[in-house]
Amino acid sequence: MVEFLFKYSPTVFAKGDFVLLGSWSPWLLAAIIAGGVAGLGWAIRRSVRGETLAARGWRPWAIWLLQAALFSLVLALLWQPAIRISTLKPQQNIIAVLVDNSRSMAIVEDGSTRLQRATAALKGGLQADLSRKFQVRLYRMGEALERIEKPEELVANGRATRIGEALRQVTAEASGLPIGAVVLLSDGGDNSGGIDLETISEIRARRIPVHTVGYGREQAARDIEVTDVQMPARALADSRLQAQVSFRHRGFSRQKAKLTLREGAKVLASREITLGPEGAQQMEALPFNAGLAGARTLHVSVDPVAGEENAQNNQVARLVNVEPGKPRVLYVEGEPRWEFKFIRRAVEDDRSIHLTTMLRTTQNKVYRQGIGNPKELEEGFPGGFEELFAYQGLVIGSVEASYFTPGQQELIRQFVDRRGGGVLFLAGRSALAEGGVGKSPLAELLPVSLPDRKGSFHRERVSVELTGAGRDSLLCRLVEDPARNAERWKKLPPVADYQEIGSPKPGAVVLAEALPGGRTRLPLLVTQNYGRGRVGVLATGGSWRWQMVQALDDKTHEMFWQQMLRWLVTGAPGAVHGTTPRLVMFDDGRLRLAADVREKNYQPMADARVEARIVGPEGISAVVEMTPDALVQGRFEGEWMAEKPGSYAVEILARRGEQEVGRDVLTFQRQDGVAENFRTEQNRELLEKLASQTGGRYWNPGELGRLSREISYSEAGITVQETRDLWNMPAVFLLAVLLRAAEWLLRRRWGAV
Amino acid sequence: MLLHRRWLVLGVAGSLLGGLFAFQRGFRNFGEEMDNPAPFPADGNEKTEFAFARLRYPSLRGGYYGRGSWATDYNKADRQFVQGVRRLTRIHTRSVEQVVDINSDDIYNWPWIYAVEVGHWELSDPQAARLRDYLLRGGFLMADDFHGTLEWDIFLSSMQRVFPDRPIVELENKDPIFHVLYDLDERFQVPGIQYWYNGQIWERDGVEPRWRGIYDDKGRLLVALCHNMDLGDAWEWADHPRYPERYASLAYRVGINYIIYAMTH
C-alpha cells in the first residue's frame, strides 16, 4: 500500500537524496509560496471585512491553511521534485552471502535446524533472485571465512563464530572487487566479544550495506545460562576470593538451583540459590579459598536443573594465578600496646604475608621484629624509595605525623600513588587527628577528612556493625553467608577503644561502623583507592578483645587481620607487572601481552629490554620480544598465537643491559569448542545493530522475497545514479484532492467565506 | 524503729551503688586486704592502654579474705613500679594497679598479669582451667616472690593443673624476654626486705635465682617465673635508702622487659 501511494519502497526514501529538478532557483519557489500564501491571507481577510472576524473565529484561517497548502503543493510540483539514489549496476556487482556455519546453527527448533532453514531460503529463491542481477559469492563463516560453491557445503560444524573477522575479510576483498552488499545469514552468536568499532568503521567507509537475516529463537523456553564470572586474576595463597557469577534463565522462576565452584572434581564452594525473574541478569557471589600457590583452573556452574534445553551453557572456566610470593608488610607502631601484639600473632601463621614490625618501646629505642637481616630498619623508618618500596603494605599505628620527616611523608604518599602499595592507618592516642595527621601531607592519602580537634580517641568499648558495603566486602567476611556474617559482626565483643575519624571523602567506602552508646554511628573501617594503591583507616586499636574475650578456638581475630593485610597488599605490583586481557581464550589463540616495567623507585622504565617466554602444551615454547608502547611510558606490548588448546605459562623478563630488572609470571588457557554452547538464542540485537550501522536492514526469514530488490540501493561497488520523479506519485494527487475536498466540505458546513 | 529501718535500706543501697560505681570505673580498692597501702594518685582514674594487673587468687593460708598471699606488697609495689614504667617507656600506663580475680572473666581484659607469692597459691580446677584459657588466648603471667623447694612444690601443684603437659624450663640468656628493651644478660638474685635485717639475699633454701618459664607451641613465653627472688619487694622499697639501688634497678628492668615482651610476642 505504502509502495503504491509513494511509488517507491521506503528504502528509496531513506537512502536517496531529495532534489528539485526545475531550473529555477528553490529560493524563487520559496518566495513565490510566501507571497502567494500571504496574498491568500490578505484576500481572506478582505472577504470577511464588514463582518467581525471575532465572530468568525478561526474558521477563515482554517480555509486559508488548506488553500495555502494546495497552492504550495501545486507550485512545488512545478519545480519537479525527485529522489536521487545510487543503485547497483546490474550484472556488474558482487553480493557476498555469508552463512553462519558454526555449531549453534545445528540447533534444532521446530523440527529443523537453523542451518537447514537458511539453506532452504538460499535454495528456495534467494540465491536465484540475487543471481539474476548480481554475481553471488557464497561463503561459510565459522572460525574463519571460506568461500564455497553451493549451499550443500554448509554443515554447521564451526567451533566458533567470528562475525567481525569475517566482515573484515570481506571488506578487504572489496578493495579489489565490486562488492555491492553483504547478506549475512546467522543466529548472531558471535564468540569473539562482538564486532569492534574498527570493523564497523571500515565497512561504513566502504559504504557496504550489510543485510542481516536472523535465525533461531529469540528466547529459549527452559534454560539457565551462566553469562559471566568475575574473579581476580591473581591471588595470594590461602586468601579468600569471591566469584561473582552472572546468569539468567528462562522458565525456572523462583526455583532453587545450586551454584558450585570446582577445581577438577573437587568442590571448593557451593551454595543454594533461588532463581529470580525470567530473563533478568542475576548476580550471585560465591566465596572460596584460593588455596596453595599455583595456576588454578576453576569451573563455576549453576548445576543443571531438570528439563533444561541446553545444559552445556551452565558452566564456565576461569583461571586464577595463586602466587607463591610472600608480600611484605611493614607495621610501624609508636607505643607498646595490645593491638600490636595481637596483630602480630594473628598473621603469624599466614603463609602469604610476611609482617615486619618496628615498635617505639621508649623515646630512644625501636624494637624490630620479623626483619630479614640485622640492617633492616636499623636507622628507623625507611628514608628512601628502595627501602620502603621493598614492602607491599604499610600499617601505621599510634604514630604522630611529626615522627615522619617531610621526606618520609612524601615517600609514604608515593608508596601508595606510584608504587601501588597499601597503607592502613590505625587509631590510637597519637594516631590520626590526635597525631596531627590531618594537618600533614599524609591527610591527602586518607579516605576520610579528619576532625580538626583533639580528644578524638576514646578508651571506651564500642560495638561494631557492618554497613551495606561491608556486607558485600570480602575484607569483612568472617562467615561465608552474607546475612550470617552481618549477624556475626553484631555479636562480636566490643572493641576496646575507638576514634572519631570525621567524614568519608567522595569515593571512599565505609565498611564498618562503631556504635558508641548504641545510638550514634561512626565510621570505623573506611577504604579507598589512591593512585595505583589503596588506603584504609581502622578507627580502633582495640580489636584485640576479639581474641582475648572469645573462646580459644574462635578464629575471628586471626581471620579479620589476615584478610585485612592481604587486602592491603593485593594488587601491589612488582617492578615488572604483566597483564593479558583474557586469561581464558575461547577458540582464539591470539594472546596480547602487556608489561609495566618500573625502576626501583617505581618510575616507568623506558629503556628496558622485555621478553616473554611462553611454555605450552605438547612441548610448545616461544620467546616473544615485547616492544615499547608509544603512548604509555614503561609499558611494553607483545602478541603471540597459541595454536593449540591447553594451559600456557608466560614468564615476562625485563632487563636493562645485562642486569635483570624483574620478572613476572602469568598463565592463560585456550579452550576450543566451548563458546558455541553459550548465547544460543538468536542475538537479534547484534544483527539489527550491525545492519543499521552499515546502512543495511535486518530481515526475518519470511520476508526475504524483497531482499533482492532492496539490496540494489547501495553506494558500494559499481553504481549508477538514478533520478526518480516524485510529481506523479499517487499520494500527491490524493493529497491535492483531499485538500480541495476538505476546503469544499468546510465551506459547505460553515457557509461561504 | 521505722527510722532505723530507713537508714538500713539507705545504707545497703548506698553500698551497692558505691560498689557498682567502683566496678564501673575499672578500679577497685581492696583496702582491707592491702599489705602496704600507697596514696591514690590524682590521675588514678585515667583510662590507659596498660594497667599493672595483680592476680587475686586463693592461697593455702586462708583464702581471699583477710590478707591473702596474693596481696603481698599490695599496693605500694604496684604503684611504685608503674611509675618506672611510665617514666622509662612509651607504654600508656595507669598510675594505679588493677586487681583481677581468678574467678572472674574480667581476667581476659588484662593480657598481662602479675602473681606474687605463688608458693602459697592453691588453684581449683576451674580456676586452673580459666588461667590456662587466658594464657593460650594470649595472656601473660609473671610469677614472683616464691622461694625454695617447698614453695616451688606448692606452686607446681597448681601450675601442673594449669598446664599438665607443658614443661617449665630455664630461660636462656638469648631469649628475647631478656633483650626486648634492656639487655639483661647479667642478672642476679634480687632479695626481699629481709636483706635489711640480716643481709641475706636468699630466703629459705632458695639460694640460686631461677629464671624460668613455660612456652607455648610456637615458642612464645606464656609464663615467666622469678623463683628465689623478690622483685615485688624491690619495687616496693625502691624509694627506701636502705634498699640497694642495684637490686631495685634490675627489678624494674626485668619487670619492664616482661611487660614489653608480653606486648610484642
Side-chain angles (χ1 to χ4, degrees), chain A residues 331 333-346 348-349 355 357-370 397-400 403 427-431 434 457-461 493-497 541-542 544-558, chain B residues 24-26 45-51 53 84-94 100 104-113 129-140 176-177 179-183 216-222 253 256-265:
Chain A
Y331 175 11
E333 184 53 82
E335 57 182 303
R337 54 184 190 151
W338 299 119
E339 193 76 335
F340 176 86
K341 168 208 182 112
F342 284 101
I343 290 174
R344 280 190 53 79
R345 282 185 165 221
E348 206 167 38
D349 293 333
L355 181 65
T357 56
M358 52 178 289
L359 166 68
R360 296 176 71 201
T361 52
T362 75
Q363 209 59 26
N364 299 309
K365 188 157 181 177
V366 170
Y367 184 60
R368 298 169 293 156
Q369 290 169 279
S398 183
V399 186
E400 314 84 16
Y403 177 69
R429 64 175 178 140
S430 301
E434 299 301 305
F457 182 63
H458 307 280
R459 289 198 191 274
E460 280 163 23
R461 292 176 194 162
V495 290
D497 52 51
W544 60 268
R545 289 193 80 248
W546 296 344
Q547 171 61 26
M548 280 304 287
V549 179
Q550 297 195 101
L552 188 57
D553 58 357
D554 185 284
K555 297 294 174 201
T556 302
H557 184 259
E558 288 93 331
Chain B
Q24 289 296 316
R25 297 200 310 179
N45 287 320
E46 186 189 7
K47 289 172 180 169
T48 58
E49 179 74 18
F50 176 81
V85 178
R86 283 156 69 101
R87 188 165 56 84
L88 296 170
T89 74
R90 289 179 61 82
I91 304 171
H92 188 214
T93 309
R94 203 167 75 191
V100 179
S104 164
D105 281 345
D106 186 41
I107 193 171
Y108 298 114
N109 289 311
W110 310 97
W112 184 93
I113 204 154
R130 180 177 281 108
L131 187 56
R132 177 172 58 246
D133 211 32
Y134 164 82
L135 293 168
L136 292 176
R137 288 187 198 182
F140 183 93
I177 201 164
H179 304 279
V180 65
L181 177 57
Y182 299 108
D183 286 319
D216 71 4
D217 295 338
K218 291 174 181 166
R220 298 174 302 212
L221 264 176
L222 303 171
R253 289 175 177 225
I256 287 172
N257 264 28
Y258 282 19
I259 294 170
I260 292 183
Y261 179 89
M263 297 182 98
T264 51
H265 287 80

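Numbers restart at 1 for each chain; the letters A, B, ... are given by sequence-line order, proteins then strands.
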What part of [X] gets closer than 4.5 Å to chain B, counting heavy atoms only: side chain, backbone, both or neither?
X: A:Arg360; answer: both
X: A:Leu359; answer: side chain
X: A:Arg368; answer: neither
X: A:Arg337; answer: both

Quick one: salt bridge (charged side-chain N to carboxylate O under 4.0 Å, His left out) partners of B:Asp217, sequence neighbours excluded?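 Here the qualifying residues are B:Arg166.
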Distance-minimising heavy-atom pair for A:Trp338 and B:Glu49: N-OE2, 2.9 Å
Using only heavy-atom distances, determine whether the side chains of B:Arg137 and A:Gln547 contain a donor-acceptor pair under 3.5 Å.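 No.
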Of all of [options], which one pairs up most often with chain B through heavy atoms under 4.5 Å apart?
options: A:Gly542, A:Gly541, A:Ala551, A:Ala496; value: A:Ala551
options: A:Gln363, A:Arg545, A:Arg429; value: A:Arg429
options: A:Glu335, A:Glu460, A:Gln369; value: A:Gln369

Please report the interatomic distance [atom1]([X]) to [atom2]([Y]), rounded to the nearest 0.5 Å.
X: B:Ile259; Y: A:Thr361; atom1: CD1; atom2: OG1; value: 12.5 Å
X: A:Glu333; Y: B:Arg90; atom1: CD; atom2: CZ; value: 9.5 Å
X: A:Phe457; Y: B:Lys47; atom1: CZ; atom2: NZ; value: 11.5 Å
X: A:Tyr367; Y: B:Thr264; atom1: OH; atom2: OG1; value: 5.0 Å
X: A:Lys341; Y: B:Phe140; atom1: NZ; atom2: CZ; value: 8.0 Å
X: B:Leu88; Y: A:Lys365; atom1: CG; atom2: NZ; value: 12.5 Å

Any side-chain heavy atom of [X] sitting closer than 4.5 Å to one from [Y]?
X: B:Lys218; Y: A:Asp349; value: yes
X: A:Glu348; Y: B:Arg220; value: yes
X: A:Pro493; Y: B:Tyr108; value: no

Taking side chain as everything from C-beta outward and backbone as N, CA, C, O, which of these in [X] sits under 4.5 Å from a heavy atom of chain A? Side chain, backbone, both or neither.
X: B:His92; answer: both
X: B:Asn109; answer: both
X: B:Leu181; answer: both

Using the rule given for salt bridge (Lys or Arg N to Asp or Glu O under 4.0 Å), can you reason through B:Glu46 versus A:Arg459, listing the C-alpha separation, both sets of side-chain angles and the distance that settles it, and then say yes or no? CA-CA 10 Å; B:Glu46 186 189 7; A:Arg459 289 198 191 274; over 6 Å; no
